[in-house]
Amino acid sequence: MSFPWANQYQPQNGFMKWMDEKLPLPRLVYNAIGAGYPVPRNLNYMWNFGVLAGFCLVLQIVTGVVLAMHYASDASLAFGKIEHIMRDVNWGWLMRYAHANGASFFFLVIYLHIFRGFYYSSYKAPREMIWLLGVVIFLLMMATGFMGYVLPWGQMSFWAAQVITGLFEAIPLVGAPIKTWLLGGFAPDDATLNRFFSLHYLLPFVIVGVVILHVWALHIPGSSNPTGVEVKSESDTVPFHPYYTAKDGFGLGVFMILFTIMVFFLPNALGHPDNYIEANPLSTPAHIVPEWYFWPFYAILRAFTYDFLFVPAKLLGVIAMFGSILIWFILPWLDKSPVRSANYRPTYRMFFWILMVDMAVLFWCGGAPAQEPYVMISQIATAYYFMHFLVIVPFISRSEKTAPLPKSITDAVLGQAGATAKGARA
Amino acid sequence: MIRYISLFLGLAFTAAVLWAFGNGAFVAATQGLGEKTADGVFHAHPHAPEGGFSFEGPVGRFDRQQLQRGYQVYKEVCSACHSLKFVAFRDLAQLGYNEAEIKAEAASWQVPGIDPNTGEATTRAGLPTDHFPSPFPNAVAAAAANNNAVPPDLSLMTKARHEGPAYVYSLISGYGAPDPALRAEFPEFETPTGLYFNKYFATLNLAMAPPLTATGQVSFADGTEATIPQMAADVAAFLAWTAEPTLEQRKQTGVWFLGFMIFVTLLAFLSKKQVWSALHTGRKD
């Protein structure tokens, strides 16, 4: 579906006409990310991260396929194969550093994409399905990222596999058999490494599939925008191409500059030195930490240190960690405010920024050793996290006073009558 | 309805985590937040040699002379106990040795081989394609010969520790008794027999005896005076190279690629401005 004023695809020559009759692929692209897709004219740079996430996914698949050509998922070979890639494969170091840092940048981009959604309430009707598919993509990414981290078979790889599969042990009665089933044994070994490699290669293509659904669902109502006011007329929109291809092109350039700095000059800054020590089941590292992008959730897992009402602490931690993401699924139905953008919701805006600080605190605690005062700080931060989504958001969406909305996107941009100062800036 | 379910869930999670907080706070209030330990007080942060390493920074490069000296320290001191399994003799070309020198160097090492007549395990002179041999046939033999501590492979050592090159430099030149003032605070602290105190080591006592003991322990081919800090810095630089032989290629490529990306981004910025200029002035075409 599209707006009635959308540009129509016109095949330019005989071949394209022939193609359009047999397989209208150019038409599909034209309507998806070309001049045939009308987009609100007021999108700010926070709307760049969807395209950037797509770029990261392609980058990870391309570098990953090359790396897989030189890798062996055998516990006795894997670590040496990584060094083979780093030393003996032509440009292998570039492929590996781009893949490892690419995962970090993928998560960074996705977090900004999700936080954009929180701020502008992009999850609200009619865009609930886009949001739900987005959360599914995020969960798939977490699984893929975790299994990819195991493949180099360093100390952190091995102990991450041990700790994360150990979480399933917390499930009453069936926990231990589930852990054994996941690992293919009683401890991480060949069977674990092989299945993780297989799934690590499979899941990115599952992500591609869900991304296609995500973009398809996006094109039904069209993109949201910083005012949260829906598109009303042709003057509210511009064609995706050339306006947003140009804007996304510039955003991609900035992204590539930062990515280049990390890959070529600080390639191991986001990793952990222990992963350059080969996996050793007999030697436990002093501090087992996951990759930085899991730190906030790792802090939530470790915040539950005492049994509560006969529920073991470990089980509580596991439920809370998974729950902290699963609650995003019901967010569209918890936030009932008719106003979308936080620009017009002063109370919600304040709580949004408190949540950002709260997640920064969780991030910091998740990377710190499991000792005081980090544990107590993470407990307060965890309490706020759940209060925010499950108590504060549902209840302020009822009671808060919102600022007046601009009449239309055009009014907001051009500052005509009815536009508030806030809207004009948006 | 969903709002009341979420309220209940939210309060349940909050109650559970605050219950843990209360218990933890009670323990902290009654027992304190943990005492000072010898580990925390004696431990020292590693530091690079004066002037730093030549390969640091965005355009830093290895000093070939230093790598050759560091290789000499590895060969004459470290290799008695530590292997270098990810490095091949052919890689020494990067240190500035020519093909004949590498052949001769490889031949001066004995590597595991098979007797062509009997098929029995034996040793033979190394070839440029061989990797550096391990001084011990296996980990059990290594442990047996070293008071039950297996000397780790050094290929990746500087990447496997925080601030690796500075750590290696500080560790091997930083043996010595703890500061007497601090020592008085922890009279019960003792270094067990067979271990050696080193304030840069994570657990303070390590099994490796001080490897560098005297000036002139190695006679450098280039005439540099072999003081302990000099040998330590040289071997740390050499191990930085073994950990990442592609470091120079990476940084050189990076400078060009970064310049290219900045140029392309500038073009992208200008074309974005051009495309959007009509809209920003309010003249929608």
Side-chain angles (χ1 to χ4, degrees), chain A residues 41 80 83 86-87 92-94 97 235 238 242-243 246-247 249-250 252-254 256-257 260-261 263-265 267-268 273-278 286 303-306 308-309 311 313 316 320 323 327 330 333-334 336 371-373 375-376 379-380 382-383 386-387 389-391 394-395 413-414, chain B residues 2-3 6-11 13-25 27-28 33-34 58 85-87 91 152-153 155-157 159-162 164 202 243-246 249-251 253-255 257-258 261-262 264-269 271-276 279 282 284:
Chain A
R41 61 190 291 174
E83 282 311 309
M86 291 298 290
R87 289 154 197 270
W93 57 270
L94 179 57
Y97 280 154
S235 73
V238 290
Y243 288 96
K247 196 164 183 169
F250 173 55
L252 183 61
V254 174
M256 279 305 293
I257 288 173
T260 305
I261 291 172
V263 168
F264 290 95
F265 302 106
N268 293 305
D274 278 24
N275 228 25
Y276 280 108
I277 304 170
E278 192 164 1
F304 293 81
T305 47
Y306 283 86
F308 182 68
L309 301 176
V311 186
L316 280 171
I327 55 177
I330 53 168
W333 295 277
L334 292 178
K336 283 291 183 194
Q371 52 188 236
E372 300 297 1
V375 176
M376 289 202 290
Q379 285 162 341
I380 298 293
T382 302
F386 285 104
M387 287 293 282
F389 286 106
L390 295 173
V391 179
F395 285 84
V413 174
L414 300 179
Chain B
I2 191 162
R3 214 181 292 229
S6 94
L7 177 67
F8 170 77
L9 270 176
L11 293 178
F13 275 122
T14 308
V17 76
L18 288 181
W19 168 251
F21 172 78
N23 274 289
V27 171
L33 277 177
K85 64 180 175 185
F86 293 122
V87 183
D91 296 332
D153 183 82
S155 318
L156 285 165
M157 189 48 79
K159 272 168 130 182
R161 298 289 182 276
H162 286 286
E244 184 136 14
T246 54
Q249 191 194 8
R250 164 162 69 75
K251 289 182 178 178
T253 315
V255 169
F257 198 70
L258 185 60
M261 279 327 304
I262 291 171
V264 169
T265 306
L266 192 70
L267 291 185
F269 174 72
S271 65
K272 188 261 164 189
K273 248 180 97 170
Q274 164 82 22
V275 167
W276 282 79
L279 274 188
K284 185 156 191 296

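Below, read A as the first sequence line, B as the second, and so on, with proteins coming before strands; counting in each chain starts at 1. Values below: all heavy atoms of this structure, side chains included; hydrogens, waters and symmetry mates excluded.
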In terms of heavy-atom pairs under 4.5 Å with chain A, the winner among B:Leu266, B:Val27, B:Thr14 is B:Thr14
Give the ring-plane orientation class for B:Trp19 versus A:Phe308, where under 30° counts as parallel, over 60° as perpendicular and anything between as tilted.
tilted
Heavy-atom pairs under 4.5 Å with chain A - which of B:Gln249, B:Glu244, B:Met157 has more of them than the others?
B:Gln249
Minimum side-chain heavy-atom gap A:Ile277-B:Arg161 below 4.5 Å:
yes
Gap between atom OG of B:Ser6 and atom CZ of A:Phe395 - 0.5 Å precision
6.5 Å
Kindly compute the distance separating CD1 (B:Ile262) from CE (A:Met256), expressed to the nearest 0.5 Å.
12.0 Å
Looking at A:Ile380, A:Thr305, A:Val375, which hits side chain to side chain contact (heavy atoms under 4.5 Å, CB included) with B:Phe21?
A:Ile380
Kindly indicate whether the side chain of A:Arg87, heavy atoms from C-beta on, has any atom under 4.5 Å from the side chain of B:Val87.
yes
Atom group of A:Val254 that falls short of 4.5 Å from chain B, counting heavy atoms:
both
Could you give the distance from CZ (A:Phe250) to CG (B:Leu267), rounded to the nearest 0.5 Å?
11.5 Å
Less than 4.5 Å to any heavy atom of chain B: does that hold for the side chain of A:Val263, its backbone, both, or neither?
backbone
Measure the CD1-OG1 distance between A:Ile257 and B:Thr265 for me, rounded to the nearest 0.5 Å.
3.5 Å
Nearest non-hydrogen partners of A:Pro267 and B:Arg250, listed with the distance:
CD-NH1, 3.3 Å
Interface moiety of A:Glu278 toward chain B, non-hydrogen atoms closer than 4.5 Å:
side chain
Pick one of side chain, backbone, both or neither for A:Leu94, based on which atoms fall under 4.5 Å of a heavy atom in chain B.
neither
Could you label the plane-to-plane angle of the B:Phe257 and A:Phe264 rings as parallel, tilted or perpendicular, counting under 30° as parallel and over 60° as perpendicular?
tilted
So which part of A:Phe389 gets closer than 4.5 Å to some heavy atom of chain B, the side chain, the backbone, both or neither?
neither
If you define the side chain from C-beta out and look only at heavy atoms, does anything of A:Leu316 sit under 4.5 Å from B:Phe13?
no
B:Gln274, CD atom: more than 12 neighbouring heavy atoms under 6.0 Å:
no
Please assess B:Lys159 against A:Glu83 for the test salt bridge (charged side-chain N to carboxylate O under 4.0 Å, His left out), listing each intermediate value before the final yes or no.
CA-CA 12 Å; B:Lys159 272 168 130 182; A:Glu83 282 311 309; 5.0 Å; no
Heavy-atom pair count under 4.5 Å with chain B, highest-scoring of A:Lys247, A:Gln371, A:Lys336, A:Gln379:
A:Gln379
With only heavy atoms counted, which part of B:Val264 is less than 4.5 Å from chain A, the side chain, the backbone, both or neither?
neither
A:Trp93 versus chain B, heavy atoms under 4.5 Å apart: side chain, backbone, both or neither?
side chain
Please round to the nearest 0.5 Å and tell me the distance separating atom OH of A:Tyr306 and atom CG of B:Asn23.
5.0 Å
May I ask you to test the B:Phe86-A:Met86 pair for a side-chain heavy-atom distance under 4.5 Å?
no
Looking at every non-hydrogen atom in both residues, tell me the closest pair between B:Ile2 and A:Leu334 and how far apart they are.
O-CD2, 4.2 Å
Top contributor to chain A contacts, counting heavy-atom pairs under 4.5 Å, from B:Thr246, B:Val17, B:Asp153:
B:Val17
To the nearest 0.5 Å, atom CE of B:Met261 lies from atom CG of A:Leu252 at 6.5 Å
Among B:Ala15, B:Ala20, B:Pro58, B:Gly24, single out the residue with the greatest number of heavy-atom pairs under 4.5 Å to chain A.
B:Ala20
Among A:Ala313, A:Pro273, A:Gly253, the residue with the most heavy-atom pairs under 4.5 Å to chain B is A:Pro273
For the interface with chain A, which of B:Ala268, B:Ala160, B:Ser155 has the highest count of heavy-atom pairs at distances below 4.5 Å?
B:Ala160
